[in-house]
Novice: 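Encoded as structure tokens, here's the structure I'll be asking about.
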Amino acid sequence: MARHLITSALPYINGIKHLGNMVGSMLPADVYARFLRQTGREALYICATDEHGTPAELAAKEAGLPVDTFCAQQHDAQKAIYDGFGLSFDYFGRSSSPENREITQHFARQLQKNGFIEERSIRQVYSLTDGRFLPDRYIVGTCPHCGYDKARGDQCENCTRVLDPTDLIDARSAISGSSELEVRETKHLFLLQSKLQGEVEAWIDEHGKDWPVLASSIARKWLTEGLNDRAITRDLDWGVPVPADTWPELAAEGKVFYVWFDAPVEYIGATKEWADQDPENRDWKSWWYEAEDVRYTQFMAKDNVPFHTVMFPATELGTREPWKKVDYVKAFNWLTYYGGKFSTSQKRGIFTDAALEVLPADYWRYFLIANAPESDDSSFTWEHFAATVNKDLADTLGNFVNRVLSFSRKRFGDEVPAGLEEGEAEAQLGHQIAELLAEYERHMEELQFRKAAQALRALWSAGNSYLETKAPWLEIKTNPEGAALTLRTAMNLIHLYAIVSEPFIPASAAAMRSAFQLADDNATWVTQDEARSLTFVPAGTPFTVPPVLFAKITEDDLAAYRERFGGGEETAV
């Protein structure tokens, strides 16, 4: 059986991320990892903070902190939020780790050895005001392709085109804002992607045919435009240093590797960080080197796709070593806020720390996955959020759990009642649950998260339909034993829901499951036969009624949220 390696795009270190970042990478990766573990597969979920590059230095300067101190603080702050969201990383590392430095430098040496790195003299922007060369992100200006006036020197955030700093119109220093710039000669290392284009195309032809259209189309667009040789070093104080044993002159000048060269290597570096914590029992190389039994799935938003599907595979291919390359790329479109971009400065949108202050993580986890921007962009509105929470979580699932357990305790005490043997209604219910569970599993295997959420919601609805049909509150008046059967069956549904809902709403699933004091409750998933029989929770099992799982969002709540976060009108993107 294949082992499953899962990575999600590394969140950048300069600040807390918004909900779009969460749903575009880390959260769906977590849902998938949880599902794989529950269904008996060995899964390793790796992520890390991406800590090098110009924005880290600029953010540290703004905070008045040394960049290493700033990054350490931000790593801890981000990790605390991800813990709050219940993200089940096997390891959450740092791209500034010694492990990443070691492996990145190894990759560079191998590429040099194989003729895929070349030292070139280039003309680079120099700031007279700042007295230094300006790396790409230290320069801002107008994009020559779309006219966006805040484009960076490496990429335009608006049209996603890759740029060189000298491409920008009306360029200025991101440090001082000065436009007193001139072009001077300096030396940098270039990755000769042009020599690897044919190999990358062949690799994508073989492996990318099963990727979602979003991922494969972006990758092929880059290839169609042609792979250009790319500078992979920068003039920065913070980053993976160019090794002096291979490039002594550049090392003496303090050159570091470009963040997009070392960041993907951190997936490997973080795995080594994980293994280095317990080297006797963990082998990082078995996941990445000659790892033929590993299936590697990567989660990212669409702006990260080119680097992960073209640039990093080219890097791996150029080492001429058997490094594991991605098998499946799950790419996502944008989550917008009322149709517009998230913006801290304009008080628009919801960031992950604030989200957890407002409501528990499971509210966000369920809504985001149920509305994941898979085939196109999706828009967050408070009205849609409230409707989803109230209908699916509060009414369909939460109310079912509460009324079944509360009514049973009131009429039959604190143990699961026995009642009659299962009848035709229970047989039909079991058959329906087994079919819906199979549909849910299929969508999860295929990484179709919105469809999986629909199947999960249908599982919850089936319990409500059964309860409404049997109506134990009426049945108990004439057939107490029949009402006991209905409630016992419904309690088994609650236990089933606790197990299969865990990837989406882990905290609530744990609360549902802990309602039953079962002596040996170690099931991780539900088989088709178990779904049909619904006998996990036998008669006589003690139970408690948990607190309300999901509180409804009121109109007053909505008004308060809109006041705090902005929103209420669709905004042009």
Novice: State plainly whether the residues Lys470 and Glu426 are in salt-bridge range, i.e. N to O under 4.0 Å.
Specialist: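 Yes, charged N to carboxylate O under 4.0 Å.
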
Novice: Under 4.0 Å between a Lys/Arg side-chain N and an Asp/Glu carboxylate O for Arg295 and Asp327?
Specialist: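 Salt bridge: no.
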
Novice: For Glu273, is there an ion pair with Arg282 - N to carboxylate O distance below 4.0 angstrom?
Specialist: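 Looking at Arg282 and Glu273, the cut-off is not met.
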
Novice: Should we count CD of Glu357 as having more than 12 external heavy atoms under 6.0 Å?
Specialist: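 It does: Glu357 CD has more than 12 such atoms within range.
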
Novice: Does the distance from a Lys or Arg side-chain N to an Asp or Glu carboxylate O, for Asp529 and Arg532, drop under 4.0 Å?
Specialist: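 Salt bridge: yes.
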
Novice: Report the residues that fulfil side chain to side chain contact (heavy atoms under 4.5 Å, CB included) with Glu424, sequence neighbours left out, ordered by chain and then residue number.
Specialist: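 So Glu424 forms a side chain to side chain contact (heavy atoms under 4.5 Å, CB included) with Gln428.
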
Novice: Phe332 ring centre to Lys330 NZ or CZ under 6.0 Å, with the angle to the axis within 45°?
Specialist: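 The answer is yes; both the distance and angle limits are met.
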
Novice: Working note: Thr486 + Tyr466, criterion side-chain contact (heavy atoms from CB on, under 4.5 Å); need CA distance, chi angles, decisive distance, verdict.
Specialist: CA-CA 9 Å; Thr486 301; Tyr466 169 76; 3.8 Å; yes

Novice: Between Asp395 and Lys552, does any side-chain N to carboxylate O distance fall below 4.0 Å?
Specialist: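 Result for this pair is yes, salt bridge flagged.
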
Novice: Can the ring centres of Trp460 and Phe504 be said to be less than 6.0 Å apart?
Specialist: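 No - the distance between ring centres of Trp460 and Phe504 does not fall below the 6.0 Å cut-off.
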
Novice: Are Leu368 and Leu335 close enough that some pair of their side-chain heavy atoms sits under 4.5 Å apart?
Specialist: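 Yes; the side chains approach each other to less than 4.5 Å.
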
Novice: Salt bridge or not between Lys451 and Glu374? Use side-chain N to carboxylate O under 4.0 Å.
Specialist: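 Salt bridge: no.
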
Novice: Is the side chain of Arg3 donor-acceptor paired with the backbone N or O of Glu42 at a distance under 3.5 Å, no angle test?
Specialist: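 Such a contact is absent between Arg3 side chain and Glu42 backbone.
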
Novice: To the closest 0.5 Å, what do you measure between CG (Leu44) and CH2 (Trp274)?
Specialist: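 The CG atom of Leu44 sits 5.0 Å away from the CH2 atom of Trp274.
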
Novice: Ignoring hydrogens and geometry beyond distance, is a side-chain donor-acceptor pair present between Asn371 and Ser378 at under 3.5 Å?
Specialist: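 Ser378 and Asn371 do not have a side-chain donor-acceptor pair below 3.5 Å.
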
Novice: So do the side chains of Asn492 and Leu496 get within less than 4.5 Å of each other, counting heavy atoms only?
Specialist: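 A side-chain contact under 4.5 Å is absent here.
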
Novice: Any salt bridge between Asp205 and Lys209, counting N to O under 4.0 Å?
Specialist: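 Salt bridge: no.
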
Novice: Does the separation of the ring centres of Trp525 and Phe35 fall below 6.0 angstrom?
Specialist: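 Yes, the ring centres sit under 6.0 Å apart.
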
Novice: Would you check if Leu549 and Met512 make a side-chain contact, meaning some heavy-atom pair closer than 4.5 Å?
Specialist: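 Yes, close enough: below the 4.5 Å cut-off.
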
Novice: Is the number of heavy atoms from other residues, nucleotides or ligands within 6.0 Å of CD (Glu421) greater than 12?
Specialist: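 No, not enclosed.
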
Novice: Tell me, do Lys272 and Trp288 make a side-chain contact under 4.5 Å, heavy atoms counted?
Specialist: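 A side-chain contact under 4.5 Å is absent here.
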
Novice: Any ion pair linking Lys285 and Glu321 (charged N to carboxylate O, less than 4.0 Å)?
Specialist: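 So Glu321 does not pair with Lys285 through a salt bridge.
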
Novice: Taking C-beta and beyond as the side chain, do His495 and Val526 meet within less than 4.5 Å on heavy atoms?
Specialist: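 No, every pair of side-chain atoms sits at 4.5 Å or beyond.
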
Novice: Do Thr554 and Asp557 have side-chain N/O donor and acceptor atoms under 3.5 Å apart?
Specialist: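 Indeed, the side chains of Thr554 and Asp557 share at least one donor-acceptor pair under 3.5 Å.
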
Novice: Which value, rounded to the nearest 0.5 Å, describes the distance between Gln78 atom CD and Asp83 atom CG?
Specialist: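 Result: 12.0 Å between the selected atoms.
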
Novice: What orientation do Tyr296 and Tyr267 show, parallel under 30°, tilted 30 to 60°, or perpendicular over 60°?
Specialist: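 Geometry flag for Tyr267 against Tyr296: perpendicular rings.
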
Novice: Under the rule for side-chain hydrogen bond (donor to acceptor under 3.5 Å, both in side chains), what residues qualify as partners of Glu446, not counting sequence neighbours?
Specialist: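 Scan of Glu446 (side-chain hydrogen bond (donor to acceptor under 3.5 Å, both in side chains), adjacent residues dropped) gives none.
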
Novice: For Tyr338 together with Trp382, are the ring centres under 6.0 Å from each other?
Specialist: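 No, ring centres 6.0 Å or more apart.
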
Novice: According to side chain to side chain donor-acceptor pair (under 3.5 Å), does anything in residues 9-25 pair up with another residue at least two apart or in another chain? List the pairs.
Specialist: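 Output for this query is empty, none listed.
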
Novice: Regarding Tyr45 and Ser8, do their side chains bring together a donor and an acceptor under 3.5 Å, going by distance alone?
Specialist: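 Judged by distance alone, the side chains do pair up.
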
Novice: Would you say the side-chain atoms of Ser88 and Asp30 include a donor-acceptor pair closer than 3.5 Å?
Specialist: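 On atom types as modelled, these side chains qualify, holding a pair under 3.5 Å.
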
Novice: Would you please indicate yes or no on a ring centroid separation below 6.0 angstrom for Tyr363 and Phe385?
Specialist: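 They do not qualify: ring centres at least 6.0 Å apart.
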
